[in-house]
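Have a look at this one.
All chains are named by letter (A, B, ...) in the order of the sequence lines, taking the proteins before the strands, and each is independently numbered beginning at 1. Reckoned from all heavy atoms, side chains included, excluding hydrogens, waters and symmetry mates.
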Amino acid sequence: MIRHIGYACVNTQLQAKKVKMSTARKSTIDAGGEEVITDLILSNLDSLYKILEWNHKKKIKFFRMGSELFPWLGTYDIRKFKRFDEIEYNAGFVGEYAREKRMRLTFHPGPFNVLCSPNEEVVEKTIKELDAHSEIFDLMGFAPSFDNKINIHVGGAYDDKEATLKRWVQNWRRLKDSTRQRVVVENDDKSSMFAVTDLMQLHKMCNKELPITFDFFHHKFHTGGMTEKEALDAAVSTWPKGVVPATHYSESRREEKVKIITDIFRNNRIPWEDLEKWPTFKEAYDFYSHIKYQAHSDYVDGPIDSHGHTIDVMIEAKMKEQAVFGLRDADTVRKLRAETPLLNG
DNA sequence: CCAGGTCAAGGGAGT
DNA sequence: ACTCCCTTGACCTGG
């Protein structure tokens, strides 16, 4: 069964009302220093609280926080800031709210975090940034647990998976203990990279202290010879007792858009305004059929097969929280799709 | 207020 | 060589 269904980082409806994470460019940070960062953090914590309140009202208990919550994470020591106490108090307040409502909060640091990089500078930056993500959970009052996962990919293959994984493990050991108790790895969507079967090897190399997040969509592009059930079984087995395994689910943007455009022309329905750009079906089809297949759709149809396990599912779709509602009922997704411009991104 | 140019970061794939 | 993709397009400036 699926316990929680969640969404990632952005709430499209609240975003329209300016409730969102804000960051700043390097030049602004350099000019403004810790004052600018402090203001951004406090404002972002306020937005996060509003998003969580919204989630609670809508009975959504699973949410991925954006790393911009603390802009330029890993480049400064928050504890040295003048207004650290204020930050700590507010972070603790939001964390307490999440615990009270029994919400699961996670992070997914960017693809620039590469523990296995041959470049020591990249590794050092990665370690700093991962430790900093972990410290945010500390500030929020969460004890180290894979419940609050910090999800990353292996990050590179360098045409030598064996050596790369060895390097990954060495550098993983350099993380703070509390960080290692939160970091999990996700399977990749490229055949040159790491499928669940590769990650199982990594899991063993890490003394079985590294859980695997199963990404349903990525698995389709890189099965590593496993069926979906086999891969999910394996990934689920890597999570400790007492922590519900987390998974990611998304669908193809190209398939979604091509299906919509085909339906419009087939049914001769009145097109969206922006469809006037495409006078013929062929032109429209050509355009949409060139969208990268691996890109994420606006909404998802499911069904999601938990293959008998109890799992949490993070929906990775462009329309975010609306995609969660869409998944709850097919009529809703039809209505939402009809209201979404074809050319949104 | 808006449009457009620009913006931290690593690695891989498609063109 | 350039663009897109991934965690999240958003910041910032000039008109």
Side-chain angles (χ1 to χ4, degrees), chain A residues 6-12 14-16 18-32 36-37 39-40 43-44 47-48 51 63-76 105-130 132-133 136 149-161 164 167-168 171 183-194 213 215 217-218 221-222 246 248-250 252-254 289-298 314-321 323 344-345:
Chain A
Y7 66 100
C9 305
V10 171
N11 180 308
T12 65
L14 292 179
Q15 189 179 41
K18 310 289 178 200
V19 177
K20 62 179 183 68
M21 298 300 133
S22 299
T23 181
R25 300 234 173 121
K26 189 173 190 312
S27 56
T28 309
I29 298 292
D30 287 345
V36 169
I37 300 175
D39 287 345
L40 282 168
S43 158
N44 288 343
S47 292
L48 175 61
I51 292 170
F63 182 67
R64 176 189 300 164
M65 301 184 286
S67 297
E68 334 88 299
L69 178 61
F70 282 54
W72 293 84
L73 206 48
T75 65
Y76 49 84
L105 299 182
T106 66
F107 274 124
H108 192 329
F112 314 103
N113 290 280
V114 186
L115 275 180
C116 60
S117 175
N119 181 341
E120 172 63 15
E121 280 178 30
V122 172
V123 174
E124 279 172 17
K125 263 194 284 187
T126 300
I127 290 172
K128 271 188 190 154
E129 191 166 331
L130 294 178
H133 277 86
I136 296 179
K149 77 185 164 90
I150 298 173
N151 188 106
I152 57 173
H153 291 255
V154 172
Y158 311 96
D159 287 325
D160 188 348
K161 283 191 191 176
T164 300
R167 222 164 36 234
W168 199 95
N171 293 328
V183 165
V184 307
V185 283
E186 172 184 351
N187 55 309
D188 292 303
D189 64 358
K190 297 186 184 83
S191 58
S192 66
M193 303 288 276
F194 300 87
T213 298
D215 187 306
F217 193 43
H218 293 172
F221 304 102
H222 188 20
H248 296 170
Y249 184 86
S250 44
S252 168
R253 179 170 201 80
R254 184 198 294 179
S289 61
H290 281 90
I291 295 174
K292 191 163 175 170
Y293 193 87
Q294 285 92 332
H296 290 166
S297 58
D298 287 329
M314 176 60 56
I315 303 299
E316 295 175 332
K318 294 280 180 200
M319 293 308 286
K320 304 298 178 183
E321 83 290 350
N344 65 330

Next item on the list: Look at the side-chain N and O atoms of A/T28 and state whether any lies under 4.0 Å from the OP1 or OP2 oxygen of C/dC11.
Entry: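 Indeed not, no polar side-chain atom of A/T28 lies that close.
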Checklist line | Spacing between A/H222 atom NE2 and B/dA13 atom C1', to the nearest angstrom | finding: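 After rounding, the reported distance stands at 14 Å.
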Notebook entry, point to check: Could you give the CD-to-C1' distance, from A/E129 to B/dA9, as a whole number of Å?
Noted result: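 Checked: the CD to C1' distance equals 8 Å.
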Margin query: For a quick check of understanding: with a heavy-atom distance under 4.0 Å over all strands, which category does A/T75 fall into, base, sugar-phosphate or nothing?
Written below: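 Touches nothing.
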Notebook entry, point to check: On the ring face of A/F194, is A/K161 found with NZ or CZ under 6.0 Å from the centre and within 45° of the axis?
Noted result: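 Yes, a cation-pi geometry.
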Next item on the list: Measure from the side-chain heavy atoms of A/H153 and tell me the nearest of B/dG11, C/dT7, B/dA8.
Entry: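 Of the options given, the side chain of A/H153 lies nearest C/dT7.
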Notebook entry, point to check: What nucleotide, of B/dG10, B/dG12, C/dT8, holds the atom closest to the side chain of A/A157?
Noted result: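 Taking heavy atoms from C-beta onward, the closest nucleotide is B/dG12.
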Note to self: What's the closest nucleotide to the side chain of A/K318 if the choices are B/dG11, B/dG5, C/dC6?
What the structure shows: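 The closest nucleotide is C/dC6.
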Next item on the list: Take atom P in C/dT7 and the same atom in B/dC7, then report the distance between them in whole Å.
Entry: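 That atom pair is separated by 25 Å.
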Note to self: Only Watson-Crick and G-U wobble pairs, only distances under 3.5 Å, only runs of 3 or more: what stems does that leave for DNA chain B?
What the structure shows: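 As far as DNA chain B goes, consecutive pairing (with distances under 3.5 Å) yields the stems B:1-7 with C:9-15, B:10-15 with C:1-6.
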Note to self: Using ring pair (Phe, Tyr, Trp, His ring centres under 6.0 Å), reason through A/Y249 and A/F217 one step at a time and then give a plain yes or no.
What the structure shows: CA-CA 6 Å; A/Y249 184 86; A/F217 193 43; 8.1 Å; no
Check: If the P atom of B/dA3 is compared with that of C/dC5, how far apart are they to the nearest Å?
Finding: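 So the two P atoms sit 23 Å from each other.
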Check: Hey, is the side chain of A/S27 poking within less than 4.0 Å of OP1 or OP2 on C/dC12, counting only N and O atoms?
Finding: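 Checking A/S27 against C/dC12: no side-chain N or O falls below 4.0 Å of OP1 or OP2.
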Item checked: Spacing between A/L130 atom CG and B/dA9 atom C1', to the nearest angstrom ->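 Roughly 13 Å, once rounded to whole Å.
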Notebook entry, point to check: Please give, in whole Å, the distance from C/dC5 P to A/H108 NE2?
Noted result: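 These atoms are roughly 17 Å apart.
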Next item on the list: Could you tell me whether the side chain of A/S250 and the main chain of A/H296 form a donor-acceptor pair under 3.5 Å?
Entry: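 No, because the side chain of A/S250 does not come within donor-acceptor range (under 3.5 Å) of the backbone of A/H296.
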Margin query: Regarding A/T23, tell me which of base, sugar-phosphate or nothing describes its non-hydrogen contacts under 4.0 Å with the strands shown.
Written below: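 Sugar-phosphate: the residue A/T23, judged by heavy atoms under 4.0 Å, touches backbone atoms but no base.
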Check: When all nucleic acid strands are considered with a 4.0 Å heavy-atom cut-off, which category describes A/F107: base, sugar-phosphate, or nothing?
Finding: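 Nothing: the residue A/F107, judged by heavy atoms under 4.0 Å, touches no strand.
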Next item on the list: Measure from the side-chain heavy atoms of A/K125 and tell me the nearest of C/dT7, B/dG10, C/dC11.
Entry: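 Ranking C/dT7, B/dG10, C/dC11 by closest atom to the A/K125 side chain puts B/dG10 first.
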Notebook entry, point to check: Base, sugar-phosphate alone, or nothing: which one does A/S67 contact when heavy atoms must sit under 4.0 Å apart?
Noted result: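 If one applies the 4.0 Å heavy-atom cut-off, A/S67 turns out to touch a base.
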Next item on the list: Answer with base, sugar-phosphate or nothing: what part of the nucleic acid does A/G155 contact at a heavy-atom distance below 4.0 Å?
Entry: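 Answer is sugar-phosphate: A/G155 comes under 4.0 Å of backbone atoms only.
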Next item on the list: Give the nucleotide from the list C/dT8, C/dC11, B/dA8 with an atom nearest to the side chain of A/W72.
Entry: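 The listed nucleotide nearest to A/W72's side chain is B/dA8.
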Item checked: Partner set under salt bridge (Lys or Arg N to Asp or Glu O under 4.0 Å) for A/D30, not counting sequence neighbours ->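 In terms of salt bridge (Lys or Arg N to Asp or Glu O under 4.0 Å), with neighbours along the sequence ignored, A/D30 is linked to A/K26.
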Notebook entry, point to check: Does CD in A/E120 sit with more than 12 non-hydrogen atoms of other residues, nucleotides or ligands closer than 6.0 Å?
Noted result: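 It does: A/E120 CD has more than 12 such atoms within range.
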Note to self: Rounding to an integer number of angstrom, what distance separates C/dT8 and B/dC2 when you compare their P atoms?
What the structure shows: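 Looking at atom P only, C/dT8 and B/dC2 are 27 Å apart.
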Notebook entry, point to check: Quick one: does A/H218's side chain have a donor or acceptor within less than 3.5 Å of a partner on A/N187's backbone?
Noted result: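 Side chain of A/H218 to backbone of A/N187: a pair is present.
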Next item on the list: Answer yes or no: is there a donor N or O on one side and an acceptor on the other, between the side chain of A/S297 and the main chain of A/R253, under 3.5 Å?
Entry: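 No; zero donor-acceptor contacts below 3.5 Å.
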Margin query: Using the rule given for ring pair (Phe, Tyr, Trp, His ring centres under 6.0 Å), can you reason through A/H133 versus A/H108, listing the C-alpha separation, both sets of side-chain angles and the distance that settles it, and then say yes or no?
Written below: CA-CA 9 Å; A/H133 277 86; A/H108 192 329; 9.7 Å; no
Notebook entry, point to check: Rounded to whole angstroms, how far apart are NE2 on A/H296 and C1' on C/dC5?
Noted result: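 My rounded result for the distance is 9 Å.
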Item checked: A/K20 side chain near C/dC11 phosphate (N/O to OP1/OP2, under 4.0 Å) ->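 Answer yes for this pair, as a side-chain N or O of A/K20 is under 4.0 Å from OP1 or OP2.
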Checklist line | Whole-Å gap separating P (C/dC6) and OH (A/Y249) | finding: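 Distance check: A/Y249 OH to C/dC6 P gives 16 Å.
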Check: Under the 3.5 angstrom rule, does the side chain of A/H222 hit a backbone N or O of A/S192 as a donor-acceptor pair?
Finding: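 No: the side chain of A/H222 does not pair with the backbone of A/S192.
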Margin query: Please classify the nucleic acid contact of A/Q15 as base, sugar-phosphate, or nothing, using heavy-atom distances under 4.0 Å.
Written below: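 If one applies the 4.0 Å heavy-atom cut-off, A/Q15 turns out to touch the sugar-phosphate alone, with no base involved.
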Next item on the list: Could you check whether A/H248 gets within reach of a base, just the sugar-phosphate, or nothing at all, counting any heavy atom under 4.0 Å?
Entry: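 Nothing, no heavy atom under 4.0 Å.
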Note to self: Measure CG/A/N113 against C1'/C/dT7 and give the value in whole Å, please.
What the structure shows: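 It is 10 Å, rounded to the nearest whole Å.
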Next item on the list: Using the aromatic ring of A/F112 (for Trp, its six-membered ring), decide whether it stacks on the base of B/dA9 within the limits of 5.5 Å and 30°.
Entry: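 A stacking contact exists, since A/F112 sits close and nearly parallel to the base ring of B/dA9.
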Check: 5'-most contact on DNA chain C: A/I291 or A/A317, nearest heavy atom basis?
Finding: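 The residue mapped nearer the 5' terminus is A/I291.
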Checklist line | Between B/dG14 (P) and A/K292 (NZ): distance, integer Å | finding: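 It works out to 7 Å between those atoms.
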Notebook entry, point to check: Could one point to a donor on the side chain of A/R64 or the base of C/dT8 with an acceptor on the other under 3.5 Å away?
Noted result: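 Flag unset: no donor-acceptor pair detected.
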Next item on the list: State, without any angle test, whether A/E68 and A/S22 hold a side-chain donor-acceptor pair at a distance under 3.5 Å.
Entry: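 Not at all, the side chains of A/E68 and A/S22 share no donor-acceptor pair under 3.5 Å.
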Check: Among B/dT6, C/dT8, B/dG10, which nucleotide sits nearest the side chain of A/R25?
Finding: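 Closest of the options to the side chain of A/R25: B/dT6.
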Check: Roughly how far apart, to the nearest Å, are B/dG12 and C/dG9 at atom P?
Finding: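 Looking at atom P only, B/dG12 and C/dG9 are 24 Å apart.
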